[in-house]
Amino acid sequence: MNQLKEIYEMLYSLYGPQGWWPLLELSNDRHINITKSGSLKGYHPGDYSYPKTEAQKLEICIGAVLTQNTSWLQAEKALKALKINNLINIDSLIKADSVKTKELIRPAGYFNQKYERLILLAKFLKAHKGTPERDALLSIKGIGPETADSILLYAFRVPSFVVDAYTRRIVQGLGLVVEKSTYDEIKKIFEDSLKKDYKTYQEYHALLVEHAKRHYKRGDSIENCPLFQRFNKKHLLKSNHR
DNA sequence: AACCAGGACGTGA
DNA sequence: TCACGTCATGGT
C-alpha cells in the first residue's frame, strides 16, 4: 500500500483544493475567488492554470525568495510594495535604485540579502528564457532546494516536489522518515509514491502546509493529528501484534 | 516578551 | 559532511 498517496487523499478530503500558489490578484475577474482566509483574492482552488501571465510567473519567483524563513503575511507585504512600484518586472527590478527597493521589501526581513538574491534571480531569468533546469536554479546564490522546487513547481508547472519545514515535521512526526533525512531523501519518497503530475505535487504541498498549520504548531500534541492514528509507524507496529 | 515564520549561506571542525 | 552562527522584520 502507498501511505503517502493515502495521506494525500485524506488531506484532500479534509481540506479540499487549496489554490496555491497565492497571487496578489487573479487575472480573470469572472473567476470566483474563494479563499480560506476570507480575503477576496490570491487563491484559486481547483484551478491549476495559473500563472497565466509572465508577470504572475515572476511574482511567484519573487515571492518564493521573499518568503524564505518568513511568514507569507510578511512576504506578501513586500510583494505588494514591489507591485505598487511596478517592480514585478525583470528589467525594472534590475535597474531600480537598490536603497529604495530594499525599503520596499523590508517587511519580509533579511532585506539586504533578499535584495541581492532577487537581483541575481532576475538576471538569471532575463538570460535564460523558458523553463530552467533545477541545477541551474540551484547554482544561483540564494536559491536553495526549497526555493528552486517552489519556482519549478508553481511558476513553471514542473513536477518537482517541494519539501519545506512543515513537510519534514509531518513525515517525521508520523515516523515515515528519520530526523536526519536529507531534503532530497524526503523529496524522493514523495516523488516515488506519486504519479509525476504537477497538479498533484502542487496540491499535496499546499495541503501539507494547511495541515501543519492546524496540527503541528509548537505546543500541539501530535495525538490530535488525524493522520497520526492511521499512519504513525509505531502505532501500526503495536496494532499488528494484537 | 520570548518565540518563530513556507531557508540559505559561510565557517570551522 | 555537518553542526552552528548569521541574516531582520513583525505577528501571536
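Convention: sequence-line order gives letters A, B, ...; per-chain numbering from 1.
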Could you tell me whether E210(A) and K213(A) make a salt bridge, using a distance below 4.0 angstrom between a side-chain N and a carboxylate O?
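No salt bridge links E210(A) with K213(A).
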
Is E185(A) salt-bridged to K188(A), going by a charged N under 4.0 Å from an acidic O?
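K188(A) and E185(A): not salt-bridged.
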
Base, sugar-phosphate or nothing for [X]? Non-hydrogen atoms, less than 4.0 Å.
| X | answer |
| --- | --- |
| G109(A) | base |
| I105(A) | nothing |
| Q74(A) | sugar-phosphate |
| R168(A) | nothing |
| K77(A) | sugar-phosphate |
| F111(A) | sugar-phosphate |

Heavy atoms only: give me the nearest K126(A)-I94(A) pair and the separation to one decimal.
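Minimum heavy-atom contact is CD-CD1, 4.0 Å.
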
We want to know whether E203(A) and Y8(A) form a side-chain donor-acceptor pair, criterion being a heavy-atom distance below 3.5 angstrom.
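Their side chains do not contain a donor-acceptor pair, so the 3.5 Å distance test is not met.
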
Among residues 154-161 of chain A, which ones have heavy-atom contacts with DNA chain B below 4.0 Å?
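Nucleic-acid contacts, sorted: none.
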
For the residue pair Y216(A) and H211(A), is the inter-centroid distance of their aromatic rings smaller than 6.0 Å?
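Yes, the ring centres sit under 6.0 Å apart.
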
Could you walk me through whether T167(A) and K187(A) pass side-chain hydrogen bond (donor to acceptor under 3.5 Å, both in side chains), step by step?
CA-CA 10 Å; T167(A) 309; K187(A) 176 183 176 66; over 6 Å; no

